[in-house]
Amino acid sequence: MCLAIPGKVKKIFDNHTAEIEIGGIVKNASLDLIDHVKEGDYVLLHAGFAIEVIDQKEALEIFRAWEGIID
Amino acid sequence: MKYVDEYRNKEIAQKILRQVKSLSKKKINLMEVCGTHTVNIFRNGIKKMLPTNINLISGPGCPVCVTPIRYIDEIIALSRESDFIITTFGDMIKVPGSTSTLEKEKANGSDIRIVYSTLDALEVARNNPSKKIVFMGVGFETTSPTIASAVLKAQKDEINNFTVLSVAKIISPAMKTLLDGKEVNIDGFICPGHVSAIIGSKPYNFITTQYKVPCVICGFEPLDILQSIYMLVKQIEDGRAEVEIQYERVVKPEGNKIALDKIKEVFKVVNSDWRGIGNIPLSGLEIKDKYGKFSARKFEVEIEETKESRGCRCGEVLRGVITPHECPLFRGVCTPENPQGACMVSTEGTCAAYYKYN
Amino acid sequence: MKEDKILLSHGSGGKLSFNLIKKLFLSNFNNPYLERLDDGAVLNIEGLKLAYTTDSYTVDPLFFKGGNIGELAVYGTVNDLAMCGATPLYLSCSFIIEEGFSLSLLKKIVLSMREASVVARVDIVTGDTKVVNKGAADKIFINTSGVGIVEDGVNISGSNAKVGDVVIINGPIGSHGIAVLSEREGLKFETEIKSDTAPLSSLVADMLEISNDIHVLRDPTRGGLSTTLNEIALSSKVDVEMNEGDIPIQEEVRAACEMLGYDPLYLANEGKVVAFVPSEVAPEVFKKMRKNKYGEESKIIGKVVRKSEGKVFLNTTIGGKRIVDMLTGEQLPRIC
């Protein structure tokens, strides 16, 4: 029910907005719904808003989990 | 694209599938609640990759599909008034009301603008001070904080010609209604990852404790979906019923507090009509009186008498009771070019997905 | 609900357009040339095979990254001729201009058309100008028609695809669609993506030099690659199978699509050709395409697998398989 896409925070502006880079394109988005975000972080973008910061450690979990499994 | 492409790996996908296959021979019905999951399942051809004992049922999580006809008629009535600009996500433009759609009203001269974000709608309001701007407030908990945020910004910046016609929905009461209805046998829920980014995992707890149905909060890439299916099958085989988070890179058990606070500030929880399901207690969000001047409900318009399309079985499709093939209108009278019900309009509607990809 | 009005979707190149053409235009104008529903008609005039085509151009914005309406109006028609296997020769050009339109902008458009006609080696030999009241047209519309000569032995048509044919495209898809979209009000995002607007006649000439026996050439403009392949599959009565991983798409185009909820398979192209080539000559044709400036990024994306009612299948990256349908209505940015 909701499209969202990961992007990298390039630049944070004073007014709670940021420049987000997604696969080479740049879109301005609102940071109104998150705090604790810094430049270089990856965030999840939905309808012009960053709705969450992506946990880069957890992101690799799935690969670790399946790497070891030999079937 | 980082955090996208990695999750489309064929080798790991095949590995997970083999594990799923060896894990269970039982007939298992899993419901993907969210329409974006439905689309990604079809787009990647996942349904046909799964062993035949595992059946995926599409659920009610497409905001376009569950928006009642009367709401569409209401926005159409507003669009016909002079001095109004309707702003909407592209999703809503083709949804049939009783006798018209926004697309047709646009062809008739109504000022209807597609926006990507609530903030774009706010810009339209700022740039057209002599007009009344109505934003179509559809969506689940992923989208409602963005609506709340726009209302708060309108208040702060005194953009008083901005309004929202809210029909925002809460997903978990609909899941409860489906379980209580007992029309379909659901062995596990693939829970919506982006809604859960906001609400966390707790709102699903009643499903595992009261109904003993396993839940896995799932991301949207193919590997996420396959892994979630694996986790659900594992729970079922182990005889467990827990809320697990597969989409851990995004979803925290407590959700997003800032977003939740914004929803709480702007909206009150109300009973809400779901197209095809009916009225569900405490399943909708309406703008609080405190922010009443930003609610488009303050405008009084005459709304036409509601007319349902005859023979349309969207409701049963939404509840997972039938597949689109079982509806007599499907592919005949009802096509994406001439949709009879909302499930055929929305890109993520179950009927549209079946039509396009099957 | 029965339609009584023309909607934007009727012009989007998808199913509604297809139905409108079939039910209204084809049924009333019906003749063997039109029936083929190719990009142009190939007329046999006393032994001479003359390709004849027409197209109208409207684009918002008029100037976009990588091109403008004038260049589009020349290359678009040149390409429609090339898709018949013709060497484009002469164009007509008519302008419908809204009252109040900037003369210096018009000059810019005309200069760009002149340049494009030099590149594509065609002459604009006749034309017309109409000015309409403010509001009666959106800034400027351009119509161009074109004629070209088809060599003996060349028989290219959307209905000629045969089982075993190899499907080749001359480069990454969707950049025109995204370049135009990125500058639309309300959607703005920054991107380096440029429209792929280009003349394809030299590329087609190179391909025909290798073999006369090319079955189908089509430029996947509005409606995108998927719609074009579906049209070909339907008129040739064959099934086409593509591999998702082989379809060239720039990263930026994919990203924009993910963000807006678009499918790149339905995005418009203005410098792309899809070729159905018999497998015996495909390797040579492919090699030759790669040597042409407009075919350096050519890729083999699929093949014709069987005779049937005409469907297009996609083998997905993760090992699944699904049907690819025509575009239905125009794509719109969505959040769900």
Side-chain angles (χ1 to χ4, degrees), chain B residues 1 4 8-10 12-14 17 34-36 42-49 61-64 87 89-91 93-94 96 99-101 103-104 106-108 113-117 120 123-124 138-140 142-143 146 222-223 226 309 335-338 340 346-348 352 355-358, chain C residues 1-10 12 14-20 181 184-189 226 243-245 249 251-263 265-266 311 313-336:
Chain B
M1 267 170 287
V4 174
R8 298 180 182 176
N9 178 305
K10 190 173 178 175
I12 300 179
Q14 297 302 328
L17 277 169
C34 170
T36 308
F42 277 103
R43 267 179 91 160
N44 290 287
I46 288 176
K47 230 172 173 154
K48 287 182 188 145
M49 296 166 77
C62 158
V64 179
T87 53
F89 294 131
D91 313 54
I93 205 105
K94 287 176 188 157
T99 55
S100 184
T101 66
E103 188 183 35
K104 288 177 190 162
K106 188 163 176 262
N108 280 335
R113 304 188 190 182
I114 293 171
V115 292
Y116 171 68
S117 166
D120 299 335
E123 273 313 295
V124 173
V138 294
F140 286 90
T142 322
T143 313
T146 74
L223 287 193
L226 289 172
S309 171
T335 59
E337 306 89 77
N338 191 27
Q340 301 298 308
S346 165
T347 314
E348 61 169 39
Y355 187 96
K356 260 186 94 172
Y357 300 121
N358 233 1
Chain C
M1 279 178 286
K2 206 80 197 116
E3 300 299 341
D4 189 46
K5 286 219 162 80
I6 288 291
L7 304 177
L8 278 173
S9 298
H10 282 108
S12 63
K15 266 196 182 166
L16 276 182
S17 314
F18 191 71
N19 289 344
L20 183 72
L181 204 65
R184 290 259 166 92
E185 188 200 2
L187 283 183
K188 282 207 163 137
F189 52 89
S226 288
N243 296 319
E244 188 172 39
I249 307 175
E251 168 110 339
E252 288 93 332
V253 171
R254 280 183 46 213
C257 283
E258 297 275 348
M259 184 174 83
L260 300 171
Y262 278 48
D263 187 337
L265 294 175
Y266 297 112
K311 287 207 157 83
F313 294 91
L314 184 75
N315 297 316
T316 67
T317 316
I318 61 152
K321 186 176 186 170
R322 68 158 164 104
I323 276 187
V324 177
D325 198 11
M326 275 193 191
L327 175 67
T328 45
E330 43 164 2
Q331 292 202 87
L332 296 169
R334 59 192 178 91
I335 55 123
C336 65

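Throughout, a chain's letter reflects where its sequence line sits, starting with A, and its residues are numbered from 1. Model, not experiment: these values are computed from the prediction.
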Within this structure, what is the CG-OH distance for the pair Leu314(C) and Tyr357(B), rounded to the nearest 0.5 Å?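 Those atoms lie 10.0 Å apart.
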For residues 317-324 of chain C, dump all side-chain donor-acceptor pairs below 3.5 Å to protein atoms at least two apart in sequence or in another chain.
from: Thr317(C); atom 1: OG1; to: Glu244(C); atom 2: OE1; distance (Å): 2.8
from: Lys321(C); atom 1: NZ; to: Glu241(C); atom 2: OE1; distance (Å): 3.3
from: Arg322(C); atom 1: NE; to: Arg43(B); atom 2: O; distance (Å): 2.8

(Q) Need one label for Ile93(B): side chain, backbone, both or neither, based on atoms under 4.5 Å from any heavy atom in chain C. (A)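 Side chain of Ile93(B) only, per the 4.5 Å heavy-atom cut-off to chain C.
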> Is it the backbone or the side chain of Met49(B) that comes under 4.5 Å from a heavy atom of chain C, or both, or neither?
Replying inline: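 Only the side chain of Met49(B) comes within 4.5 Å of chain C.
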Minimal non-hydrogen separation, [X] against [Y], with atom names:
{"X": "Pro333(C)", "Y": "Ile114(B)", "result": "CG-CG2, 3.6 Å"}
{"X": "Leu260(C)", "Y": "Tyr116(B)", "result": "CD2-CD1, 3.8 Å"}
{"X": "Lys356(B)", "Y": "Asp325(C)", "result": "O-CB, 3.9 Å"}

Tell me, side chain or backbone of [X] under 4.5 Å from chain B's heavy atoms, or both, or neither?
{"X": "Asp263(C)", "value": "both"}
{"X": "Gln331(C)", "value": "neither"}
{"X": "Met259(C)", "value": "both"}

What residue in Lys47(B), Lys106(B), Glu103(B), Lys48(B) has the most heavy-atom pairs under 4.5 Å with chain C?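 Among the listed options, the one with the most contacts to chain C is Glu103(B).
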Go through Ile46(B), Val138(B), Asn44(B) and name the one with the most non-hydrogen pairs under 4.5 angstrom from chain C.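 Most heavy-atom pairs under 4.5 Å with chain C: Asn44(B).
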Note to self: My understanding is that only residues two or more places apart in sequence, or in another chain, count here; which of them pass side chain to side chain donor-acceptor pair (under 3.5 Å) with Tyr355(B)?
What the structure shows: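 Applying side chain to side chain donor-acceptor pair (under 3.5 Å) to Tyr355(B) gives Lys15(C).
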